[in-house]
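Here is the structure we will look at.
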Amino acid sequence: MNILAWIRSAFFQAAPDDTDASAFASAVKPISDPKFGDYQANGCMAVAKKRGANPREVAAEVVRKVDLSPWANEPEIAGPGFINIRLRDDRLAEYLVELSADDRLGIEPAERPKTVVIDYSSPNVAKPMHVGHVRSTVIGECLARIYETLGHHVIRDNHLGDWGAQFGMILWGWKNERDERAFDADPVRELARLYKLAQARIKPGETLSDRYKKVFEFEKEGKFAEAEALFAKLSADSKATRDEVDRVIAESRAIAEACRAETAKLHAGDPENRALWERFMPYCLGALQTIYDRLSVRFDVQLGESFYDSMLAETVEKLEKVGIARESEGAKVVFTRENGAPMIVQKSDGAFTYATTDLATLKYRYETWRPDLVLYVVDHRQSDHFKQLFAVAAAAGYGETDPRHVAFGTILGADKKPYKTRDGDVVGLESLLDEAVARARAVVDRNSPELSEEERGKVAEVVGLGAIKYADLSQNRLSDYVFDWDKMLAMNGNTGAYLQYAYARIQSIFRKGEIDVASLRRRVPAVALGSASERALAVAIVRLPETLELAANDLKPNVLTDYLFDLANRFSTFYDDCPVLKAEPENRDSRLALCDLTARILKLGLRVLGIETRDRM
RNA sequence: GCGCCCGUAGCUCAGGGGAUAGAGCAGCGGAUUUCUAAUCCGCCGGUCGCAGGUUCGAAUCCUGCCGGGCGUACCA
């Protein structure tokens with residue numbers, strides 16, 4: 001059960017008549033300092049202020065009224081009017097016995113399950129996944145597992161970029177630069193090469209036209225002298241001539257135009273481009289699936305942009321019909337209060353944009369699943385887009401679903417710039433995972449030479465991948481974070497490996513003591529909480545349900561990692577402090593039960609984070 | 001210019017109205033005849049960017065400023 005929620009409801013009942021009971025109840029929190037107790041109710045000061053009364057007297061009134069039995073005795077009033085609650089050790093001990101026999105570890109399925117659509121990962125199929133896809137994939141998967149664990153109905157949707165401009169680049173590359181033998185040998189690699197090639201042809205011209213933007217503006221305004229002077233200044237280093245610059249820009253524009261034309265043909269149903277799309281897609285999806293398998297990520301649906309293609313025209317039509325969209329500079333756009341720049345739903349060349357696709361997607365999801373909540377796990381740079389998207393969807397009456405942009409920050413390198421290789425390339429996701437495993441392997445080899453070769457390999461895989469996921473999830477979602485191998489693979493501190501280690505230590509106790517956990521759980525030991533470290537561990541054990549609820553409500557995986565780290569920490573202290581196998585008979589089963597519960601929570605918690613455990617490491 | 005996000009210990013980060021602001025790393029000092037020392041315990045370390053304001057109470061909310069990141073009309 002969720003003890004925090006239970007205490008809150010007790011305070012809801014006991015709230016003074018002249019106050020908002022639900023606000024009063026929500027002022028109950030886990031305690032700030034354990035020496036005061038386990039939970040605290042902070043609502044009395046506010047009540048007293050409104051009433052012009054003494055807060056301690058208000059607190060006394062509440063304490064007289066509130067009934068916390070059997071979980072706690074009469075709470076204490078402290079400081080300016082805090083009410084401190086201490087869970088009763090006898091109830092705690094009794095409850096741990098119940099938990100031992102409970103497969104769900106106290107987590108109760110939601111009374112009113114919600115349908116939650118989670119849109120995450122969403123890579124472009126044309127190019128290999130890179131470090132930038134880690135966060136969306138890992139956070140999205142974790143949120144899905146959190147909601148599932150709480151008994152909600154989750155639909156994981158990989159909104160693949162399989163229909164956009166990047167596919168036009170592949171088509172252009174295929175038609176102009178393909179290497180069929182390379183394609184036969186490794187299709188995805190060849191397609192990626194073609195994509196990069198097209199980009200490389202387009203990029204220089206874009207860079208130059210950016211660099212000389214001002215020059216061209218001067219020329220447009222007829223200020224040729226200024227234009228010439230500025231050009232000379234900007235070209236001082238490169239010694240580029242005007243002809244060269246014009247040529248590069250023209251070439252790059254021509255290729256960009258050709259790529260766009262390929263995209264347009266694809267969308268228009270051109271048989272050749274459609275056939276190529278059909279031919280390439282299975283390879284692209286297969287390559288993605290390899291990564292998802294390794295990361296234990298599985299989607300319920302993968303409805304990419306192509307899926308919505310047929311709905312785009314009607315989407316724009318409807319927006320025009322209800323007067324939301326209008327024409328501007330040749331494009332069809334929607335101006336919103338949320339943003340100065342409009343949302344472009346159809347470009348001047350007639351093509352639709354991802355904004356159109358996203359609108360159609362939102363509508364489709366509502367009509368198909370009637371979700372209560374739709375989460376878009378997409379990086380924070382797109383927050384303007386989503387603000388507009390949600391505003392337009394609401395204005396267009398696309399259903400009363402609750403769409404939320406679950407934004408996250410950028411992964412940075414040690415130089416505080418987006419994480420790149422030494423050569424300045426983005427880091428491929430596969431090589432990132434390989435390196436994590438290799439580094440973990442080195443640590444395993446050093447620390448656990450007694451394990452077999454095969455065993456060490458498995459540990460390295462689980463610890464390496466866990467390190468990357470944990471590093472990501474333990475961070476506050478919104479902040480950028482610095483990617484640091486040594487930190488994430490450290491066995492001390494807030495890391496996945498530390499939690500996995502705590503789990504393995506417990507399994508080691510069971511092995512050494514030849515403990516059959518199934519029978520341990522059946523014989524329902526009486527739990528004794530004689531020492532401070534045992535009690536501290538017990539209090540952490542009973543807080544799993546409230547932690548999951550909080551993580552779900554705030555959409556913050558790091559709430560869960562913080563909890564698990566705290567639990568593992570308390571376990572380590574207990575482990576150091578209290579012998580288990582060699583404990584007195586009256587303590588032995590009790591401590592074994594604490595170990596078992598800790599291990600099960602660690603395993604479940606890590607599982608929710610998408611991280612595996614090993615019995616030995 | 002406008003909009004969003006960020007600024008907390010030497011470093012990396014939690015905490016987002018509640019008590020003396022926490023953790024890990026780094027530094028210093030301890031703990032191993034005992035279940036995995038990949039561990040544990042202790043010490044050191046902070047004008048919570050600055051200045052106002054709201055509040056019984058502000059790292060947390062509001063305003064302004066400083067510093068940084070990102071976004072800002074046809075890429076997604």
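Remember, it's a predicted structure, so these values are computed and weren't measured experimentally. Lettering of chains follows the sequences in order, A, B, ..., and the numbering in each one begins at 1.
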Please set out all donor-acceptor pairs under 3.5 angstrom arising from side-chain atoms of residues 437-447 of chain A, sequence neighbours excluded.
residue: A/R439; atom: NE; partner: A/E435; partner atom: OE2; Å: 2.9
residue: A/R439; atom: NH2; partner: A/E435; partner atom: OE2; Å: 2.9
residue: A/R441; atom: NE; partner: A/D445; partner atom: OD1; Å: 2.9
residue: A/R441; atom: NE; partner: A/D445; partner atom: OD2; Å: 3.3
residue: A/R441; atom: NH2; partner: A/E453; partner atom: OE2; Å: 3.3
residue: A/D445; atom: OD1; partner: A/R456; partner atom: NE; Å: 2.8
residue: A/N447; atom: ND2; partner: A/V443; partner atom: O; Å: 3.4

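Taking a pair to require two hydrogen-bonding distances under 3.5 Å in either a Watson-Crick or a G-U wobble arrangement, B/U60 remains unpaired. Pairing of B/U20, defined by two Watson-Crick or G-U wobble distances under 3.5 Å, is not identified with any nucleotide. B/C25 is paired with B/G10 under the criterion used here, namely a Watson-Crick or G-U wobble arrangement in which both key atom distances are under 3.5 Å. Across all strands shown, B/G1 forms a Watson-Crick or G-U wobble pair with B/U72, both key distances being under 3.5 Å.
Ring stacking is absent between A/Y498 and B/A38, as the pair misses the limits of under 5.5 Å between centres and under 30 degrees between planes. Taking a centre distance below 5.5 Å and an interplanar angle below 30 degrees as the stacking criterion, A/F82 stacks against the six-membered base ring of B/A19.
For A/F11 and A/Y39, the distance between ring centers is not under 6.0 angstrom. Remark: aromatic rings of A/H159 and A/Y308 are close, center separation under 6.0 Å.
Evaluation of atom-type donor-acceptor distances gives no pair under 3.5 Å for the side chain of A/T353 against the base of B/A76. No N or O donor and acceptor, one from the side chain of A/D358 and one from the base of B/A76, sit under 3.5 Å apart.
Taking the six-membered ring for Trp and thresholds of 30 and 60 degrees, A/H385 and A/Y354 have nearly parallel ring planes, at less than 30 degrees apart.
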